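The structure presented is a predicted model; accordingly, all values stated were derived computationally and were not measured.
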Amino acid sequence: MGTKTDWNPLLRGEFDKPYWRDLQGFVRAERDRHQVFPPHDEVFAALHLTPHASVKVLILGQDPYHGPRQAHGLCFSVRPGVAKPPSLVNILEELHNDIGAPVPNHGSLEHWARQGVLLLNATLTVRARQAASHQRRGWETFTDEVIRVVNDKDERVVFILWGGSARRKRALVDAGRHTVIESAHPSPLSASGGFFGSRPFSRANEALVAAGREPVDWAIGDHRPSE
């Protein structure tokens with residue numbers, strides 16, 4: 001992780017632990033033998049785009065996308081020009097139904113990240129076309145510490161936990177000081193079982209405003225390629 005971020009002093013202790021050395025060795029070996037997503041310089045994109053000081057919402061995903069060109073370091077997000085994966089299609093549909101925001105012509109969530117929405121995956125790398133291939137190698141230890149560091153913030157943060165694996169992280173959050181919004185996962189397998197209609201975006205903003213914090217402008221807007 002780069003040093004030009006306010007996360008570094010908060011997480012530096014992790015880099016000296018045995019699991020971190022083992023994890024980085026595992027990822028290096030995987031990159032030597034296989035295609036691994038996201039690219040090396042985008043693994044920590046969520047922490048680089050959203051400084052700790054600005055975090056007001058944390059959305060927790062599980063794994064990076066494992067298809068070509070999809071993962072770029074922000075959970076659920078893909079760059080403009082990349083087809084939207086099914087979970088993201090459902091997220092943007094719920095966004096439209098919740099707050100009336102038009103469905104954008106792309107799937108990049110950088111607009112959220114730049115406003116203090118930390119788009120964190122529990123596992124930060126994956127082998128191409130092999131979902132869950134880098135789970136239980138140490139990333140979860142690191143990202144649990146990220147969640148704890150966010151939980152330590154004095155200001156109210158909204159934690160949005162979609163699906164069983166994310167909801168198990170609720171134990172890391174002080175729900176007396178922060179707001180936790182939980183529902184089914186937005187994947188097509190589960191979205192109709194409680195994700196659709198859960199209104200996470202308006203509820204997050206209501207919690208932020210009640211705490212005297214700026215709401216998030218969730219409306220993403222269309223991507224217009226530069227001339």
Does either side chain, that of His66 or that of Gln70, offer a donor lying less than 3.5 Å from an acceptor on the other one? no

Cationic N near anionic O, under 4.0 Å, Glu206 to Arg203: no

With a cut-off of 6.0 Å (strictly less than), are more than 12 heavy atoms of other residues, nucleotides or ligands near CD of Glu214? no

Would you say Arg69 has more than 12 foreign heavy atoms packed within less than 6.0 Å of its CZ? no

Using the benzene-type ring in the case of Trp, are the ring centres of Trp162 and Phe76 under 6.0 Å apart? yes

Would Val27 and His40 satisfy side-chain contact (heavy atoms from CB on, under 4.5 Å), going step by step from the backbone distance to the final call? CA-CA 10 Å; Val27 174; His40 175 75; over 6 Å; no

Trace of the side-chain contact (heavy atoms from CB on, under 4.5 Å) decision for His106 with Ile220: CA-CA 9 Å; His106 66 100; Ile220 291 168; 3.4 Å; yes

Just do the salt bridge (charged side-chain N to carboxylate O under 4.0 Å, His left out) check on Arg79 and Glu42 with the steps written out, would you? CA-CA 12 Å; Arg79 290 194 184 283; Glu42 294 179 341; 2.3 Å; yes

Could you walk me through whether Trp112 and Leu74 pass side-chain contact (heavy atoms from CB on, under 4.5 Å), step by step? CA-CA 10 Å; Trp112 296 355; Leu74 307 178; over 6 Å; no

Indicate, with yes or no, if Phe159 and Trp7 share a hydrophobic cluster defined by side-chain heavy-atom contacts under 4.5 Å among Ile, Leu, Val, Met, Phe, Trp and Tyr. yes

Give a yes-or-no answer on whether the side chains of His134 and Thr123 include a donor-acceptor pair shorter than 3.5 Å. no

Are Val55 and Phe142 connected, step by step, through hydrophobic side chains (Ile, Leu, Val, Met, Phe, Trp, Tyr) whose heavy atoms are closer than 4.5 Å? yes

Rounded to the nearest 0.5 Å, how far does CG of Leu109 lie from CD1 of Ile91? 7.0 Å

Is the count of non-hydrogen atoms from other residues, nucleotides or ligands lying under 6.0 Å from His34 atom NE2 greater than 12? yes

Kindly state whether the ring of Trp139 and the ring of Phe26 have centres lying under 6.0 angstrom apart. no

Are Phe44 and Val149 connected into the same hydrophobic cluster when the rule is that any two of I, L, V, M, F, W, Y join if their side-chain heavy atoms are below 4.5 Å apart? yes

